[in-house]
J.: 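Once you've had a glance at the structure underneath, I'll fire off some questions.
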Amino acid sequence: MIKFLTIALLVSQSAFATEQAEIVKVIKQYESALNNSNADRIIDLYSNTPTFMPQHAPAQIGKDQVYKAYKGVFSAIKLKIDFAIHELEINGDTAWVRTSSAGKTQILANEMTINEGNNELFIFKKEAGNWKIHQYIFSTNQARK
């Protein structure tokens, strides 16, 4: 009986590590899509019923609003950022990830480049066997100069 429990625990830990790796992969794909101003790729990473809560703006709910919001962002700025993952928790088909990001933002209207830094919270849902960003919120952690 003890051997069975040990094997079950190892399988469970292995499955958890696989799930974590899949979520980290989605965050890295999101980071790449942001840095490439690719709203089409970003919307593919979101769930069927997403919510995007950008700082200083109303929540964007549903695929159409979320897509339009990213298109608007990319018409105004160009990002070059990296995400750092600080916490990742999984509970069944739901997960949350606390991250921070840092890098540069180029304002397209005047070509000015500023430092960029945010705290982020991702909530993931598993849909059809794939982890998807379900809700996402961020706030600046650097004063604007």
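The shown structure was predicted, so the numbers you read here are calculated from the model rather than taken from an experiment.
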J.: Output every pair passing side-chain hydrogen bond (donor to acceptor under 3.5 Å, both in side chains) with a member in residues 57-66, not counting sequence neighbours, ordered by first then second residue.
T.: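 Of all non-adjacent pairs touching residues 57-66, none passes side-chain hydrogen bond (donor to acceptor under 3.5 Å, both in side chains).
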
J.: Mind checking what makes side-chain contact (heavy atoms from CB on, under 4.5 Å) contact with S139, not counting sequence neighbours?
T.: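 With sequence neighbours excluded, S139 shows a side-chain contact (heavy atoms from CB on, under 4.5 Å) to Q55, N119, given in chain and number order.
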
J.: Could you work out, with side chain to side chain donor-acceptor pair (under 3.5 Å) as the rule, every residue matching T113, not counting sequence neighbours?
T.: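 For T113, no residue satisfies side chain to side chain donor-acceptor pair (under 3.5 Å) once neighbours in sequence are set aside.
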
J.: Among pairs that include at least one residue of residues 34-55, which meet salt bridge (Lys or Arg N to Asp or Glu O under 4.0 Å), considering only residues two or more places apart or in two chains?
T.: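 Output for this query is empty, none listed.
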
J.: For a 4.5 angstrom cut-off between non-hydrogen side-chain atoms, does W131 reach I90?
T.: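 Side chain of W131 against side chain of I90, heavy atoms only: contact under 4.5 Å found.
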
J.: So which pairs with a foot in residues 120-131 pass salt bridge (Lys or Arg N to Asp or Glu O under 4.0 Å), sequence neighbours left out?
T.: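 Salt bridge (Lys or Arg N to Asp or Glu O under 4.0 Å) check on residues 120-131 returns E19-K126.
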
J.: State plainly whether one hydrophobic cluster holds both I123 and L34, where clusters connect Ile, Leu, Val, Met, Phe, Trp and Tyr through side-chain heavy atoms under 4.5 angstrom apart.
T.: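 I123 and L34: separate clusters.
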
J.: Please table the atom pairs, donor to acceptor, closer than 3.5 Å between any side-chain atom in residues 68-77 and protein atoms at least two apart or in another chain.
T.:
unit_1 : atom_1 : unit_2 : atom_2 : d
Y70    : OH     : Y30    : OH     : 2.6
Y70    : OH     : Y46    : OH     : 2.7
S75    : OG     : G72    : O      : 2.7

J.: With sequence neighbours excluded, what pairs up with K78 under the side chain to side chain donor-acceptor pair (under 3.5 Å) test?
T.: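 Testing K78 for side chain to side chain donor-acceptor pair (under 3.5 Å), a comparison that skips the adjacent residues, returns none.
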
J.: So how far is it from I42 CD1 to I133 CD1, rounded to the nearest 0.5 Å?
T.: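 That separation rounds to 8.0 Å.
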
J.: Suppose we screen for side chain to side chain donor-acceptor pair (under 3.5 Å). Which residues come up paired with K25, at least two apart in sequence or across chains?
T.: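 Listed in chain order: nothing, the list is empty.
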
J.: Out of curiosity, L79 CG to Q106 CD, how far, rounded to the nearest 0.5 Å?
T.: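 Spacing of CG (L79) from CD (Q106) equals 10.0 Å.
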
J.: Determine, stepwise, if the pair Y136 / V66 fulfils side chain to side chain contact (heavy atoms under 4.5 Å, CB included).
T.: CA-CA 10 Å; Y136 172 63; V66 171; over 6 Å; no

J.: For N35, enumerate each residue passing the side chain to side chain donor-acceptor pair (under 3.5 Å) test, keeping only those at least two apart in sequence or located in another chain.
T.: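 So N35 forms no side chain to side chain donor-acceptor pair (under 3.5 Å) with any residue.
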
J.: With F83 as reference, evaluate V97, I27, V24 under the side chain to side chain contact (heavy atoms under 4.5 Å, CB included) test and give the passing residue.
T.: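 With F83 as partner, side chain to side chain contact (heavy atoms under 4.5 Å, CB included) holds for just one option, I27.
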
J.: Quick one, E116 with Q142, criterion side chain to side chain contact (heavy atoms under 4.5 Å, CB included). Give me CA distance, side-chain angles, the key distance, then yes/no.
T.: CA-CA 7 Å; E116 179 72 28; Q142 292 194 18; over 6 Å; no

J.: Is there a donor-acceptor pair under 3.5 Å between the side chain of N36 and the backbone N or O of N38?
T.: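 The answer is no, because no donor-acceptor pair under 3.5 Å joins these two groups.
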
J.: Kindly check if the number of other-residue, nucleotide or ligand heavy atoms within 6.0 Å of CG (N110) is above 12?
T.: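 Counting neighbours around CG of N110, more than 12 heavy atoms of other residues, nucleotides or ligands fall under 6.0 Å, so yes.
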
J.: About how many Å separate CG of N118 and OG1 of T105, when rounded to the nearest 0.5 Å?
T.: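 Answer for the OG1-CG pair, T105 versus N118, is 8.0 Å.
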
J.: Carefully, step by step, assess F52 and F138 under the rule side chain to side chain contact (heavy atoms under 4.5 Å, CB included).
T.: CA-CA 9 Å; F52 170 45; F138 69 89; 3.8 Å; yes

J.: Taking all non-hydrogen atoms of both residues into account, name the closest pair between M53 and A59 and its distance.
T.: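 In terms of heavy atoms, the two residues are closest at CG-CB, 3.8 Å.
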
J.: Would you please name every residue forming a salt bridge (charged side-chain N to carboxylate O under 4.0 Å, His left out) with K28, sequence neighbours left out?
T.: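 Residues passing salt bridge (charged side-chain N to carboxylate O under 4.0 Å, His left out) with K28: E31.
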
J.: Tell me, which pairs form a side-chain hydrogen bond (donor to acceptor under 3.5 Å, both in side chains) where one or both residues lie in residues 79-89, sequence neighbours left out?
T.: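 Every pair satisfying side-chain hydrogen bond (donor to acceptor under 3.5 Å, both in side chains) with a residue in residues 79-89: H86-S100, E87-R98.
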
J.: When you look at F124 and L88, which way does the side chain to side chain contact (heavy atoms under 4.5 Å, CB included) test go after all the steps?
T.: CA-CA 10 Å; F124 283 81; L88 190 163; over 6 Å; no

J.: Is there a path of hydrophobic side-chain contacts, each under 4.5 Å between heavy atoms of I, L, V, M, F, W or Y residues, that connects L45 with I23?
T.: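 Same cluster: L45 reaches I23 through Ile, Leu, Val, Met, Phe, Trp or Tyr contacts under 4.5 Å.
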
